[in-house]
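Chain identifiers are assigned alphabetically (A, B, ...) following the order of the sequence lines, protein sequences preceding nucleic acid strands; residue numbering begins at 1 within each chain.
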Amino acid sequence: MIVKGARVLDGSANAMMKGKGTEDDRPWQSYHTVYTTAKAGMELVDKEKVQRVVYEMSKGSKYFQNEERKEAFIKQKIDNLRIQCANLTQEDLAHYQKVADRRIVELEASRDLSRIWLHVDMDAFYAAVETLSNPTLKGKPMAVGSMSMLSTANYEARKFGVRAAMPGFIARKLCPELIFVPTDFKKYTYYSDLTRKVFGRYDPNFIAGSLDEAYLDITEVCRERNVKSEEIAQELRAGVYEETGLTCSAGVAPNRLLAKVCSDINKPNGQYVLPNDRMAVMTFVSSLPIRKIGGIGKVTEHILKGVFGINTCEQMLEKSSYICAFFSQSTADFFCSVGLGLGQTDSPQVRFRKSISSERTFSATKDEVLLHKKLEELAEMLSADMQKEGLSGRTLTLKLKTASFEVRTRAVTLQKYISSSEDILKHAKKLLQAELPISVRLIGLRVSQFNGDKCSAKSDPTQKTITNFITSGDVNRNCSSFPDVADHDFVSNAETDMSIDSRQTGQLDWRDPFDGNYLSDVDYQSCTVQKSDGVEEVSLSPLVLPYITGFRN
DNA sequence: GCGGATCAC
DNA sequence: TATGGTGATCCGC
Ligand SMILES: Nc1ccn([C@H]2C[C@H](O)[C@@H](COP(=O)(O)OP(=O)(O)OP(=O)(O)O)O2)c(=O)n1
Ligand SMILES: [Mg+2]
């Protein structure tokens, strides 16, 4: 037994810790920035140098210290999980393997290769739009945003390691020539609308994600015109360029999850088609790093790699017994689906907003008069946004980010629905009062539980009804856990966005990443059978498995 | 229902 | 000098 666990232990973190003085000689190597994923256009970047510069610029800051704290927390989580992993008995593993195998068979049976999905994503969108407005920027490294934060960077700047979500002052260190352009959401919204008109030619019901991307079901177009998906993709991209002067990239695959992965492969200004063939899908997915999958971010990647040695989607299946042992069923389903290359193939699903919020960052202060003023402004902004959509809600959440970057939220659920700035402020003040004194750098307000929301069921009065979702019995299955875009009717989309710098902007994309903690505290065990490896259908009864974490602080 | 965390863009 | 804003989901209480 244990052998398996031990092997996992050897494989990951140990390897990283060996080698000489990693910690002492090259401290930046152990600082895991968020800029880890291989973004398009950054293949030739000297990652070691970028890492070092980012580290040098960040070292010692409040932000950095908080990142270190969070990282230590995750590291401990991984250590605990590995111990639990090593403690699994042969019997445990045999059981979980059965559970996993059965789930995999069920998931496989759900595979649908009948649809052709196309994901289109604009290249360096904000930056490209700014270059249209000011052609002298062409060919020069440029970023959209401020000295504090960048929204994105063009491909010339990416060669230096400059990218979205990077503070401008660090970017300038990486690329002294970098040109900064402030964000202008009106422009982005205008061009976004132009691209969507083109998308509509190929799928009137296309699913708009953020301003710069969309999913199109091109099954019908391909069939009606008897053309290959590749030609549709070419034509669509040419159309977008013609209408806007902007380039984009496209990915075609049997489902949205894979189409999204594909659109990134030949970016910028390229496309990639994954045929509707099971073997092609399995081959594609086998070597695919899990981090490429939407919904698997930095932390999930670290945990899966550090605890189970999972790097590729294929390994999700190889380690499926461990996955079923440690994660909730919906999360395990998602991970196994990824291993099988499965994803959403249906089109409907219209989502409704579930919350609305407003938040602002400012220089940290504990001045209560000032904080109250900020709160008042936020209440007014939020109320105004709610009026625009005729919303009122009964849960109010106050968000604070302390001077040390720790985030706190405090919520109240009221008897009555509120929407006026006065009502919001009245309750927000009480929430804030309870936290004083405190030095914060951000305050946010969020309202949820809208009037008209169906608490248990789903249908929404606003109009379109959500069709699927965890409807009737059929618990889980690949329902909500799949990262995947919803949102439809791009109409009414334009506006209310927020930019990085401070200004208002508009954005209205909403995805539904599965995400979350996904660590299952309970799991399934054959309650009676013991072993008797027969076909015996193990009844899934919750069993308290490790439950590793729980150490919150 | 609350609070923390993760993720995407 | 300086590390964003909006929305969603999930887990464990
Ligand atoms: N952390 C982020 C990431 C992106 N964006 C904005 C700016 C981008 O222009 C736009 C689209 O995001 P993408 O991830 O598609 O990035 P780009 O379109 O800029 O580049 P590319 O798609 O070519 O990689 O969303 C943002 O505000 N904050
Ligand atoms: Mg893009």
message: Can you tell me which residue among A:K430, A:K399, A:R410 is in a salt bridge (Lys or Arg N to Asp or Glu O under 4.0 Å) with A:E435?
response: A:R410

C1'-based separation of C:dG4 from B:dC7 [nearest Å]: 15 Å

message: Assuming nearest nucleotide by heavy-atom distance, tell me which of A:R394 and A:V407 is located more 5' along DNA chain B.
response: A:R394

- prompt: What's the closest nucleotide to the A:L442 side chain, out of B:dG3, C:dG5, C:dT9?
  reply: C:dG5

query: Counting any heavy atom closer than 4.0 Å, what does A:S61 reach on the DNA or RNA strands: base, sugar-phosphate only, or nothing?
result: base

- request: Would you please confirm or rule out a distance under 4.0 Å between OP1 or OP2 of B:dA8 and any side-chain N or O of A:S210?
  value: no

- prompt: Looking across every strand, which nucleic acid part, if any, lies under 4.0 Å from A:K298 by heavy atom: base, sugar-phosphate, or nothing?
  reply: sugar-phosphate

field: Contact under 4.0 Å: A:S328 side-chain N or O vs C:dC11 OP1/OP2
entry: yes

query: Which one, B:dT6, C:dT3, B:dG3, comes nearest to the side chain of A:A411?
result: B:dG3

query: Do the rings of A:Y215 and A:H119 sit parallel, tilted or perpendicular, given the 30° and 60° boundaries?
result: tilted

Nucleotide nearest A:S58 (side chain, heavy atoms from C-beta), chosen from C:dT9, C:dT3, C:dG4: C:dT3

- request: Could you tell me whether A:K373 and A:E376 have a side-chain N and a carboxylate O separated by less than 4.0 Å?
  value: no

Between A:D123 and A:S249, a side-chain donor and acceptor under 3.5 Å: yes

message: Measuring to OP1 and OP2 of B:dC2, would you say a side-chain N or O of A:T413 lies under 4.0 angstrom away?
response: yes

Phosphate OP1/OP2 of C:dT9: any A:K354 side-chain N/O under 4.0 Å: yes

- request: Indicate, with a heavy-atom threshold strictly under 4.0 Å, whether A:I170 touches base, sugar-phosphate, or nothing.
  value: base

query: A:T331 and A:S328: side-chain donor and acceptor closer than 3.5 Å?
result: yes

Euclidean distance, atom CD of residue A:E67 to atom C1' of C:dG4 [Å, nearest integer]: 13 Å

message: Regarding C:dT1, can its base be found pairing with the side chain of A:S148 as donor and acceptor, where the two atoms are less than 3.5 Å apart?
response: no

message: Counting the benzene-type ring for Trp, do A:F450 and A:Y417 have ring centres under 6.0 Å apart?
response: no

- request: Name the nucleic acid region contacted by A:R172, choosing base, sugar-phosphate or nothing; use a 4.0 angstrom heavy-atom cut-off, strictly under.
  value: base

query: When you match A:P167 and A:S355 each to their closest nucleotide on DNA chain C, which lands nearer the 5' end?
result: A:P167

statement: Of the candidates C:dG4, B:dG1, C:dT9, the side chain of A:M149 sits closest to C:dG4

- line: Taken to the nearest whole Å, CE/A:M386 to P/C:dG7 is 11 Å

task: Check whether any side-chain N or O of A:S357 sits under 4.0 Å from OP1 or OP2 of C:dG7, and answer yes or no.
output: yes

- prompt: From C:dC11, C:dG5, B:dT6, pick the nucleotide closest to the side chain of A:E359?
  reply: C:dG5

A:K59 and A:E56 ion-paired at < 4.0 Å: yes

message: Heavy atoms only, 4.0 Å cut-off, all strands: where does A:R408 land among base, sugar-phosphate and nothing?
response: sugar-phosphate

statement: Taken to the nearest whole Å, CD/A:E406 to C1'/B:dG3 is 14 Å

statement: Side-chain atoms of A:R353 come closest, of C:dT3, C:dG7, B:dG1, to C:dG7

query: Is the phosphate of B:dC7, meaning OP1 or OP2, less than 4.0 Å from a side-chain N or O of A:R291?
result: no

- prompt: Over how many whole Å does the gap from A:D453 atom CG to C:dA8 atom C1' extend?
  reply: 13 Å

Below 4.0 Å: OP1/OP2 of B:dG4 and any side-chain N or O of A:T409: yes

query: NZ of A:K399 versus P of B:dG4: gap in Å, rounded?
result: 11 Å

- request: May I have the distance from A:L400 (atom CG) to B:dG4 (atom P), rounded to whole angstrom?
  value: 10 Å

field: Contact under 4.0 Å: A:T300 side-chain N or O vs B:dC7 OP1/OP2
entry: yes

field: Interatomic distance where CD1 belongs to A:I296 and C1' belongs to B:dA8 [whole Å]
entry: 13 Å

message: Using whole Å, what does the distance between atom P of nucleotide C:dA2 and atom NZ of A:K59 come to?
response: 16 Å

